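Keep in mind that this is a model prediction, so the values were computed, not measured.
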Amino acid sequence: MDDLCPICHGLGFVTPDVPVGDPEYGKVYPCRCQSGPLAKRRIQRLLKLSSLGRLSERTFENFRSDGYALNENDRRNLREACEAARSFAEQPEGWLLLTGAYGCGKTHLAAAIANRLIERGVAVLFVVVPDLLDHLRATYGPRSLVSYDERFEEVRSAPCLVLDDLGAQSSTEWALEKLYQILNYRYNNRLPTVITTNLGLEDMDLRLRSRLSDASLVRIVAISAPDYRASGVSSVMDLSSLPLHAGQTFETFSLRRSELRGTDRETLNQAFTAAREYAEAPRGWIVFQGDVYCGKTHLAAAIANYRVSLGYSALFVFVPDLLDHLRSAYDPAAPVSYDKRFQQVRRAPLLVLDGLGRQSSSSWAQEKLQQLFTYRFEANLLTVITTRLTLEEMEPGLKARLMDRARCMIVPITAPPYRGRA
């Protein structure tokens, strides 16, 4: 391109030519071309390519960092995400990866970063990933006014690149190859980059994951807030049955001291102690195993209610009901899509699965549960399970995970059902 700077060759920055070990080694400084007519032309060209449009109104000033009807934990998390975005906008270095569910505010923050940089006269390219790939494909057309090489170079060498909605693109080999080439170039040159995505790292192509998981370059900010477009009422609430268990707390739990003896009394005491300790300092998974009405559901609900009382979020769901919710989400008229519903469940900060083993044993049900368990185990997300099943009766994949004593605690309750219960 005819307006590339001969010093930085269009990168917008320079690095001192010093040996390894020098204090200046690896530092990045703006090129002198970032001021004057050349910089203005470049900014205008990137703005024309950008997908900001109506997002040009998204700023830090009109971002609601307290969210809409959020609990204290989600408010704190959202404020931290806003501060991380502000810091990047003031000093764009490294990569910032914003992850979270649909409508949690990550696109607003990414656009606010771009708009703040534009105010400061910094060349930035904001583009939605599917649109980016369309721009690249369009250059193959005979009527294109710009060549593929020129367009690709504009994107990969933008002084600051904001990629919105990574993962929303089609997963063709061509698309993945182009994205990897862009990210790999920017990774090798340490170019400031902001990325938003609904996906977890484990769901991404291995090549992209390898770049995004480098903690020395990438700061990952996971936003836990629900969809703000739901007018302050999270669609998770119609899935959780925790309000039905509001009275099941540690204070209302009966240890049945006058009724139980021996091992039955001992295991119930141990389960109560384990539940309390987990509620106060949750870590990994905890599984309450025992007969119906032995107290395991009460203890699981007590954990969830205790965490909620501290300002944290918890999703409590009866496993057969969960599968019914997922099935109904396939309906085109459903208020929540299947993908969104499944993401809500598998990414819940604390998930209580009550009644595992009481669902239908269809291959579809087993597949969904297996996907759920695999994701939460690999992501090390807090999970509470109640079940009548023994380890020998469980699906092999789940059994293998539950046997990992470093990540999972199995708490058996041998006490019989409460008196008066069948």
Side-chain angles (χ1 to χ4, degrees), residues 12 34 39-40 42-68 70 74-75 77-136 154-169 179 182-183 186 191-199 212 218-232 340:
Q34 292 306 295
K40 291 181 180 179
R42 189 173 199 199
I43 291 174
Q44 290 303 316
R45 190 176 64 249
L46 290 178
L47 283 177
K48 186 176 180 180
L49 180 60
S50 288
S51 311
L52 277 170
R54 292 171 59 185
L55 293 177
S56 59
E57 300 173 358
R58 302 290 178 89
T59 66
F60 290 115
E61 288 68 31
N62 58 31
F63 181 77
R64 292 195 55 162
S65 57
D66 285 331
Y68 296 83
L70 299 180
D74 287 341
R75 282 198 298 271
N77 169 266
L78 198 58
R79 287 194 293 267
E80 291 172 354
C82 184
E83 285 307 309
R86 280 182 181 274
S87 297
F88 187 95
E90 295 305 318
Q91 190 170 4
E93 294 179 352
W95 290 15
L96 178 64
L97 177 62
L98 300 171
T99 70
Y102 302 93
C104 68
K106 57 189 184 296
T107 293
H108 188 138
L109 290 176
I113 291 173
N115 289 321
R116 177 63 58 84
L117 291 174
I118 290 170
E119 288 177 5
R120 296 171 51 200
V122 177
V124 59
L125 172 60
F126 180 103
V127 63
V128 180
V129 173
D131 293 345
L132 164 63
L133 296 171
D134 287 343
H135 283 306
L136 293 177
E154 281 182 325
V155 174
R156 73 170 188 170
S157 64
C160 183
L161 176 64
V162 181
L163 292 175
D164 186 38
D165 218 359
L166 178 65
Q169 75 284 349
L179 288 172
I182 291 170
L183 292 181
R186 300 186 68 82
L191 293 175
T193 306
V194 178
I195 300 170
T196 77
T197 183
N198 297 318
L199 301 179
L212 295 173
V218 184
R219 179 180 181 182
I220 301 177
V221 177
I223 301 177
S224 62
D227 190 342
Y228 74 90
R229 289 167 292 203
S231 300
K340 184 174 181 179

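Annotation: the span from Ile195 atom CD1 to Asp165 atom CG amounts to 12.0 Å, rounded to 0.5 Å. Taking CG of Leu161 as the start and CG of Leu191 as the end, the distance is 9.0 Å to the nearest 0.5 Å. Between the CG atom of Leu179 and the CG atom of Leu136 there is a distance of 8.5 Å, given to the nearest 0.5 Å. Rounding to the nearest 0.5 angstrom, the gap separating the CG atom in Asp131 from the CZ atom in Phe126 is 9.5 Å. Considering CG of Asn115 and CZ of Arg120, their distance stands at 13.0 Å, rounded to 0.5 Å.
No donor-acceptor distance shorter than 3.5 angstrom exists from the side chain of Arg58 to the backbone of Ala110, with no hydrogens or angles considered. Remark: side-chain polar atoms of Arg186 are paired, donor with acceptor, to backbone N or O of Arg156 under 3.5 angstrom.
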List the steps, then state whether side chain to side chain donor-acceptor pair (under 3.5 Å) holds for Thr107 with Asp164.
CA-CA 7 Å; Thr107 293; Asp164 186 38; 2.8 Å; yes
Worked check of side-chain contact (heavy atoms from CB on, under 4.5 Å) between Thr196 and Leu163: CA-CA 7 Å; Thr196 77; Leu163 292 175; over 6 Å; no
Show your working on side-chain contact (heavy atoms from CB on, under 4.5 Å) between Arg86 and Cys82 and close with a plain yes or no. CA-CA 6 Å; Arg86 280 182 181 274; Cys82 184; 4.0 Å; yes
Applying side-chain contact (heavy atoms from CB on, under 4.5 Å) to Val127 and Val155, what does each step give before you reach the verdict? CA-CA 9 Å; Val127 63; Val155 174; 5.5 Å; no
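Counting heavy atoms from C-beta outward, Leu78 and Phe63 have side chains that approach closer than 4.5 Å. Annotation: side chain of Trp95 is in contact with side chain of Leu212 (closest heavy-atom distance under 4.5 Å).
Annotation for Glu61: atom CD counts as buried by contact number, over 12 foreign heavy atoms lying within 6.0 Å.
Here Glu90 pairs with Arg116 under the side chain to side chain donor-acceptor pair (under 3.5 Å) rule; sequence neighbours left out. For Arg79, the side chain to side chain donor-acceptor pair (under 3.5 Å) partners are Asp66, Glu72, not counting sequence neighbours.
Here the closest heavy-atom approach between residue Val162 and residue Ala114 is recorded as CG2-CB, 4.4 Å. The heavy-atom pair separating Pro92 from Ala89 by the smallest distance is CD-O, 4.1 Å. Of all non-hydrogen atoms in Ala222 and Thr99, the two that sit nearest each other are CA-OG1, 3.3 Å. Looking at every heavy atom in both residues, Pro159 comes nearest to Ala123 through CB-O, 3.4 Å.
Partner Leu96 forms a side-chain contact (heavy atoms from CB on, under 4.5 Å) with one of Leu109, Ile113, Thr193 and no other, that one being Ile113. A side-chain contact (heavy atoms from CB on, under 4.5 Å) with Lys106 is found for one member of Leu97, Val221, Asn198, Val194 and no other, namely Asn198.
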